[in-house]
Colleague: 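Dropping the structure in here first, questions after.
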Number of protein chains: 2
Amino acid sequence: MDENATLTRGERTRSEIMTAAQQLFVQHGYHGTSMRQIAQRADIALGGIYNHFDSKEQIFLTVLTEMHPLHYVLPLMSTAQGSTIEEFVREAAKQMVEGVGERLEFINLIFIELVEFKGEHLAQIFNIFFPRIMEFAQRIIQSDGELRPIPLPVLVRAYIGLFFSYILTELLLSKQLPPEMEQDALDHFVDIFLHGILVENPPPAE
Amino acid sequence: MDENATLTRGERTRSEIMTAAQQLFVQHGYHGTSMRQIAQRADIALGGIYNHFDSKEQIFLTVLTEMHPLHYVLPLMSTAQGSTIEEFVREAAKQMVEGVGERLEFINLIFIELVEFKGEHLAQIFNIFFPRIMEFAQRIIQSDGELRPIPLPVLVRAYIGLFFSYILTELLLSKQLPPEMEQDALDHFVDIFLHGILVENPPPAE
DNA sequence: CCTACCGATCGGTAGG
DNA sequence: CCTACCGATCGGTAGG
């Protein structure tokens with residue numbers, strides 16, 4: 001939590017504005033958050049914000065890109081070990097969910113982007129992360145194990161989908177069915193996915 | 001489109017308010033939509049809205065529950081034929097995506113609900129559809145075919161997740177990678193899911 | 001169902 | 001980086 005150690009005064013203020021904005025956008029949406037709320041939480045006067053950002057939308061875009069969890073989750077996933085596809089995918093999924101789990105609420109910003117900005121900013125974000133995602137995909141198909149004949153882009157998409165289906169059903173259902181639907185849900189999801197993409201090779205008992 | 005045929009005057013107005021509100025919420029979010037915009041699109045004066053709804057939030061909640069696609073998609077899915085799990089799931093997924101596809105934008109209201117209302121209204125919606133969803137799950141496990149040992153709640157959740165992962169990756173990626181990632185993506189998704197939940201039994205070539 | 005209005009709050013800026 | 005302000009718009013209501 002000593003992230004401000006080497007920052008200049010101005011950089012620190014900027015970072016405080018972004019943190020405040022991120023929290024508020026996550027909680028109330030874009031139009032549900034006011035510049036005054038951001039200023040108050042960042043401990044600055046309203047007018048002061050405009051020394052660092054041109055507009056409210058620019059704050060949102062900056063938060064969405066610079067604070068995106070993939071910045072640290074992708075490297076985390078790359079550290080996953082495992083010589084077989086199964087080991088690697090299982091390990092990477094764990095890293096992914098654990099890494100994102102710390103800031104699960106960030107997904108709200110993606111929803112806001114889709115709804116309130118009609119996905120205008122997605123192309124920029126896409127360009128930032130595309131290369132690393134493809135590297136990751138390469139590692140999967142180069143690991144040991146026989147994949148069913150699924151086009152690589154579909155595989156990537158299904159893997160991303162695996163994550164969202166886990167998170168979204170978590171958000172939608174966790175408040176309704178606390179215990180039973182919950183248990184080991186991620187393990188099962190990964191299991192279904194693995195069993196779904198591999199030719200045979202039943203996964204080892206847990 | 002003759003839905004107003006048997007409605008009274010008041011019911012027609014109410015329905016027009018809801019349609020207007022649904023469109024605007026989908027496009028701009030909850031806080032991004034004003035009561036004046038709703039009134040204008042529904043061709044009524046601002047004050048007139050309050051003859052039908054107590055507040056803006058009540059309009060949102062009514063739209064979210066009464067206009068929810070599951071009202072007609074669940075019955076559609078129940079019409080799916082097929083004596084084996086595979087046939088049935090494949091057919092039902094097709095019905096689901098086709099049915100929802102007509103009003104894909106509705107998913108935005110679910111995002112709004114999650115972000116701007118923190119899922120406050122989810123319990124009500126859940127209660128409306130829960131019984132039918134469980135009936136559907138029963139039909140799957142009673143069909144011919146051997147399921148891997150996956151708890152029923154997890155199976156239901158994975159099926160819901162299948163849908164969301166398809167839709168969300170569609171929203172997130174379709175604007176970036178028009179053709180290649182797109183092709184037959186749903187077929188592949190269903191394929192991975194089926195292969196993932198069934199014991200063996202390779203799916204027939206298309 | 002409409003007109004006319006309420007107080008509150010919005011994003012943003014001038015000027016220092 | 002703050003104070004004080006701008007015009008515009010917000011959700012909602014009184015009264016008819």
Side-chain angles (χ1 to χ4, degrees), chain A residues 4 7-65 108-109 112-113 115-118 120-121, chain B residues 4 7-65 108-109 112-113 115-118 120-121:
Chain A
N4 295 340
L7 300 182
T8 66
R9 187 81 207 282
E11 285 167 343
R12 190 156 58 240
T13 303
R14 184 187 131 104
S15 145
E16 270 156 19
I17 294 170
M18 284 172 59
T19 301
Q22 198 240 32
Q23 295 170 352
L24 288 163
F25 287 149
V26 159
Q27 284 177 41
H28 308 115
Y30 178 78
H31 285 101
T33 296
S34 72
M35 292 296 269
R36 279 156 182 85
Q37 289 175 302
I38 296 173
Q40 191 179 21
R41 185 170 297 211
D43 216 23
I44 199 184
L46 167 64
I49 292 182
Y50 293 89
N51 296 318
H52 300 271
F53 298 94
D54 291 338
S55 67
K56 187 180 172 186
E57 177 168 349
Q58 203 197 79
I59 298 179
F60 179 78
L61 178 55
T62 305
V63 168
L64 188 67
T65 53
N108 280 14
L109 299 193
I112 294 170
E113 163 66 13
V115 174
E116 301 188 54
F117 291 99
K118 308 183 202 318
E120 281 171 15
H121 309 118
Chain B
N4 295 339
L7 300 181
T8 66
R9 187 81 207 281
E11 285 167 345
R12 191 156 57 239
T13 302
R14 184 187 132 104
S15 143
E16 269 156 17
I17 294 170
M18 284 173 59
T19 301
Q22 198 239 30
Q23 295 170 352
L24 288 163
F25 288 149
V26 159
Q27 285 177 40
H28 307 115
Y30 178 78
H31 286 100
T33 297
S34 72
M35 292 296 269
R36 280 156 183 84
Q37 289 175 301
I38 295 173
Q40 190 179 21
R41 186 170 295 213
D43 215 22
I44 198 182
L46 167 65
I49 292 182
Y50 293 89
N51 297 318
H52 300 272
F53 298 95
D54 291 338
S55 67
K56 188 181 172 184
E57 176 168 349
Q58 202 198 77
I59 297 179
F60 179 78
L61 178 56
T62 306
V63 167
L64 187 67
T65 54
N108 281 13
L109 299 193
I112 294 169
E113 164 65 13
V115 175
E116 301 187 54
F117 292 98
K118 309 180 202 318
E120 282 171 13
H121 309 118

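Chain A is the first sequence line, chain B the second, and so forth, proteins listed ahead of strands; every chain is numbered from 1.
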Colleague: Just how far, in rounded Å, is P of dC10(C) from CD of Glu116(A)?
Modeller: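 For the pair Glu116(A) CD and dC10(C) P, the rounded distance is 15 Å.
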Colleague: Does CD in Glu11(A) sit with more than 12 non-hydrogen atoms of other residues, nucleotides or ligands closer than 6.0 Å?
Modeller: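 Check passes, neighbour count above 12.
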Colleague: Would you indicate which nucleotide in dC1(C), dC2(D), dC1(D) comes nearest to any side-chain atom of Ala45(A)?
Modeller: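 Of dC1(C), dC2(D), dC1(D), dC2(D) is nearest to the side chain of Ala45(A).
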Colleague: Could you tell me how far apart Gln40(A) (CD) and dC2(D) (C1') are, to the nearest whole angstrom?
Modeller: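 Atom CD in Gln40(A) sits about 15 Å away from atom C1' in dC2(D).
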Colleague: Is it true that Glu57(A) and His121(A) share a donor-acceptor pair across their side chains at a distance under 3.5 Å?
Modeller: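 The criterion, which ignores hydrogens and geometry beyond distance, is satisfied for Glu57(A) and His121(A).
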Colleague: Taking Glu16(B) for its side chain and Asp43(B) for its backbone only, find out whether a donor-acceptor pair lies under 3.5 Å.
Modeller: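 Looks like no, no N/O pair under 3.5 Å.
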Colleague: Applying side chain to side chain donor-acceptor pair (under 3.5 Å), name anything that partners Gln58(B), two or more places apart in sequence or on another chain.
Modeller: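 Checked Gln58(B) against side chain to side chain donor-acceptor pair (under 3.5 Å); matches are Asp54(B).
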Colleague: What does the 5'-to-3' dot-bracket notation of DNA chain D look like when only Watson-Crick and G-U wobble pairs under 3.5 Å count, and pairs to other strands show as |?
Modeller: ||||||||||||||||
Colleague: Backbone N or O of Ser34(B) within a donor-acceptor pair of the Lys56(B) side chain at under 3.5 Å?
Modeller: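 Not at all, since once roles are kept as given, no pair shorter than 3.5 Å links the two residues.
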Colleague: With 3.5 Å as the limit, what N/O pairs link the protein to nucleotides 11-15 of chain D?
Modeller:
residue	atom	partner	partner atom	Å
dG11(D)	OP1	Thr33(B)	O	3.2
dG11(D)	OP1	Lys56(B)	NZ	2.6
dG11(D)	OP2	Met35(B)	N	2.8
dG11(D)	N7	Arg36(B)	NH1	2.6
dG11(D)	N7	Arg36(B)	NH2	3.4
dG11(D)	O6	Arg36(B)	NH2	2.8
dG12(D)	OP2	Tyr50(B)	OH	3.1
dG12(D)	OP2	Lys56(B)	N	3.0
dG12(D)	O6	Arg36(B)	NH2	3.1

Colleague: For Arg41(B), run the side-chain contact (heavy atoms from CB on, under 4.5 Å) check against Leu24(B), Thr33(B), Thr19(B) and tell me which one passes.
Modeller: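 For Arg41(B), the side-chain contact (heavy atoms from CB on, under 4.5 Å) check succeeds only for Leu24(B).
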Colleague: Going by the side-chain contact (heavy atoms from CB on, under 4.5 Å) test, name the single residue among Ile38(B), Val63(B), Thr62(B) that passes it with Ile17(B).
Modeller: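 With Ile17(B) as partner, Ile38(B), Val63(B), Thr62(B) yield a single side-chain contact (heavy atoms from CB on, under 4.5 Å), made by Ile38(B).
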Colleague: What orientation do Tyr30(A) and Phe117(A) show, parallel under 30°, tilted 30 to 60°, or perpendicular over 60°?
Modeller: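 Perpendicular.
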